[in-house]
Amino acid sequence: MLRRVVLQTFRQGLAQSFFKRNAASLSESAVTQHPIETSEEASEKSGSKQKNGDESGNTVVVAPPEFRFMYPEFLPDPTMERRNKLKEKLERMDMLQRRSIIEIPEFYTGSIMAVTVADSNSPNKFARFVGICIQRGGSGLQAWFILRNVVDRQGVEILYEMYCPLIQKIEVLRLERRLDESLLYLRDALPEYSTFPFEMEAERRLNNSVVPINPIKVKLRPRPWLERWERQNLQGVEDLNLPQRYYDRAKEVAKPWEKYDLMLQYRKTIPAEEQEKIYAEVHSQLQQQDLKRKIKRRRGPSSEQ
Amino acid sequence: MNQADLSKLVSALRIAVKPKPRLFASPEGPAGRLRKLKATVTALVKYERIELNYPRAEEAQGYAERLISDAIRNGDCHKHTMEMADYWLDEKQLIHKLFKVLVPRFKEYNSSYTKLVLGPKTYPGYYAGTAILELKGNPFPALQPATQNYHYWLHNVLLDEAKREFRVAKAESNTNLSEPVASKN
């Protein structure tokens, strides 16, 4: 019988700093770098800033369409009872203010990241954790993401709040996407799929305009699992090889009509016109910050000479 | 806190959308709710004006607006929009009507595409009363008169004349007050 690895999840403030760093890397199988674009993404990743003219002839500045994938936390919580334009505007101002101090890079579920947090209890006063982003959520200043890694054969997940002032540095070591938006199934997968060495270095992107999609299919451990993965239509897992009764029961329990429920979709999302307004408001500042950082990075090694 | 779903781009609806949907309990459960709303939306697109109970009319209005706004935004070559049209319209010739008649009609609209008018509430009867749900630009005579106020109605003519007389009288009294010295001489 396989021993079930006990999962330990921490919030960033309580991360235990006495884990020994794994020298030997149990890196996963080779990652293919070719980008696979779905039909929707291909039409939306146009790349250039658009300037649309309105009737009066004044140019209306519009952010490029991929902004909503790069900065999803700028969109407010779609729950109608909680919408408040003033609160959202003030939050966006605070988010931009924080982003001017610290670089919060573009990342997606499936990217491997390293986060450095100020920690008064650790010997170096900083705690650094490397892991794969398995989920991201929240909106506004409460935006968070979860990093997962396996350290000394113990699975560890840490939830980081992106705009927390304790965070010193967020680096993206490998920028890529996976076939699913949520990689929670890695908890029930074989440990090699979640293991990343702490000494991993940032990888250079081959193609800057497209984010590659890693088509890896993960192998899960035998049941019992934390969730009923056979009911979730996961693209990124290998064939689950369960008895037919599981799939039959999944069909009985499924809600196929939800796919067609137009108002349910509407209430879960922000309309396109509002998205355009929000991103038009923030994109010029974000681009300025990006540009300043690029210039600093280019000047950095030359100024050391 | 939830993050907004990014997988689909939806147009903003120009009707008041309530935060929670109505449940419409039926023996089939949520599937039955959508089946009945499907029949309502199909009838609306077919007949362009239907009379039904108010709660279902309000729900169906949302779904009809979403369907039309998706058709306008994405056109008929978009796979997902075609799947939605295929599901929501039971009669397949109405899919042609949606893309070939309704989309060109509503393309330049800045307002909602449907109109919900409260209908008669007969006693004894359903507590919420009836409603008439119609697509704008339909060929039938209007339910409500286009102009609420008409300049040449008798009472409007009399009121306008009375207002003019008052203004004239006031102007005259002002001039009388300003030149009492002139009239003495």
Side-chain angles (χ1 to χ4, degrees), chain A residues 38-41 43-44 65-83 88 91 108-109 135-145 161-162 180-182 254-278, chain B residues 1-24 26 28-38 41 58-75 77-90 110:
Chain A
T38 57
S39 57
E40 265 181 27
E41 285 164 359
S43 61
E44 277 143 17
E66 61 256 25
F67 258 53
R68 70 182 211 271
F69 298 108
M70 283 165 64
Y71 308 108
E73 73 272 7
F74 277 96
L75 295 176
D77 186 345
T79 315
M80 284 180 200
E81 290 107 327
R82 294 192 209 141
R83 296 292 307 272
E88 288 153 23
E91 244 186 335
Y108 303 92
T109 304
Q135 205 182 27
R136 67 182 292 188
S139 53
L141 290 166
Q142 290 169 344
W144 50 263
F145 58 91
E161 277 164 355
M162 277 156 70
D180 301 299
E181 283 307 308
S182 158
K255 300 181 189 175
W257 56 82
E258 273 193 2
K259 177 183 169 197
Y260 302 103
D261 196 333
L262 296 168
M263 288 308 284
L264 181 71
Q265 289 169 15
Y266 186 77
R267 289 184 176 105
K268 274 194 198 162
T269 188
I270 307 285
E273 290 90 345
E274 260 196 77
Q275 284 192 20
E276 277 165 29
K277 249 194 240 174
I278 291 170
Chain B
M1 286 290 265
N2 308 312
Q3 208 168 71
D5 181 34
L6 299 173
S7 50
K8 292 181 185 54
L9 266 179
V10 300
S11 304
L13 292 185
R14 297 175 193 123
I15 51 169
V17 176
K18 294 195 167 132
K20 293 250 160 68
R22 287 188 176 85
L23 289 179
F24 291 131
S26 84
E28 298 149 59
R33 170 181 177 272
L34 275 195
R35 184 183 57 78
K36 289 183 182 176
L37 283 168
K38 219 192 331 173
V41 170
E58 199 177 26
E59 290 291 304
Q61 191 191 20
Y63 287 97
E65 292 266 342
R66 275 281 290 124
L67 187 64
I68 297 172
S69 72
D70 265 1
I72 291 173
R73 174 174 273 273
N74 298 321
C77 294
H78 192 244
K79 184 176 169 212
H80 182 255
T81 307
M82 199 39 113
E83 273 176 18
M84 293 297 123
D86 183 48
Y87 177 85
W88 281 96
L89 301 170
D90 286 327
N110 284 327

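- The two residues B:S11 and A:P271 come nearest to each other via the heavy atoms C-CB, 4.1 Å.
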Check the pair B:L34 / B:W88 against side chain to side chain contact (heavy atoms under 4.5 Å, CB included), numbers first and verdict last.
CA-CA 9 Å; B:L34 275 195; B:W88 281 96; 3.6 Å; yes

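- Heavy-atom distances place no part of A:R83 under 4.5 Å from chain B, backbone and side chain included.
- Note that the NZ atom of A:K259 and the CE atom of B:M84 stand 6.0 Å from one another [nearest 0.5 Å].
- Using a 4.5 Å cut-off between heavy atoms, B:L37 does not touch chain A at all.
- By number of non-hydrogen pairs under 4.5 angstrom with chain A, the leading residue of B:S69, B:P19, B:G29 is B:P19.
- Contact count versus chain B (heavy atoms, under 4.5 Å) is highest, among A:I270, A:L262, A:L264, A:T269, for A:L262.
- Side chain of A:T109 to backbone of A:S182: no donor-acceptor contact under 3.5 angstrom is found.
- Contacts with chain A (heavy atom to heavy atom, under 4.5 Å) involve these residues of residues 59-66 of chain B, listed by number: B:G62, B:Y63, B:R66.
- Panel note: side chain A:E73, backbone A:A143; no donor-acceptor pair is recorded below 3.5 Å.
- Only the backbone of A:P76 comes within contact range of chain B, judged by heavy atoms closer than 4.5 Å.
- Separation of atoms CD (B:E28) and CH2 (A:W257) is listed at 10.0 Å; rounding is to 0.5 Å.
- Heavy atoms closer than 4.5 Å to chain B are found nowhere in A:E181, neither backbone nor side chain.
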Applying side chain to side chain contact (heavy atoms under 4.5 Å, CB included) to A:L75 and A:Q275, what does each step give before you reach the verdict?
CA-CA 7 Å; A:L75 295 176; A:Q275 284 192 20; 3.6 Å; yes

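- Contacts between B:R33 and chain A at a heavy-atom distance below 4.5 Å involve the side chain alone, from C-beta outward.
- For the atom pair A:E81 CD and B:K20 NZ, the distance stands at 4.5 Å (nearest 0.5 Å).
- Here the CG-OH distance, from B:L89 to B:Y87, works out to 11.5 Å after rounding to the nearest 0.5 Å.
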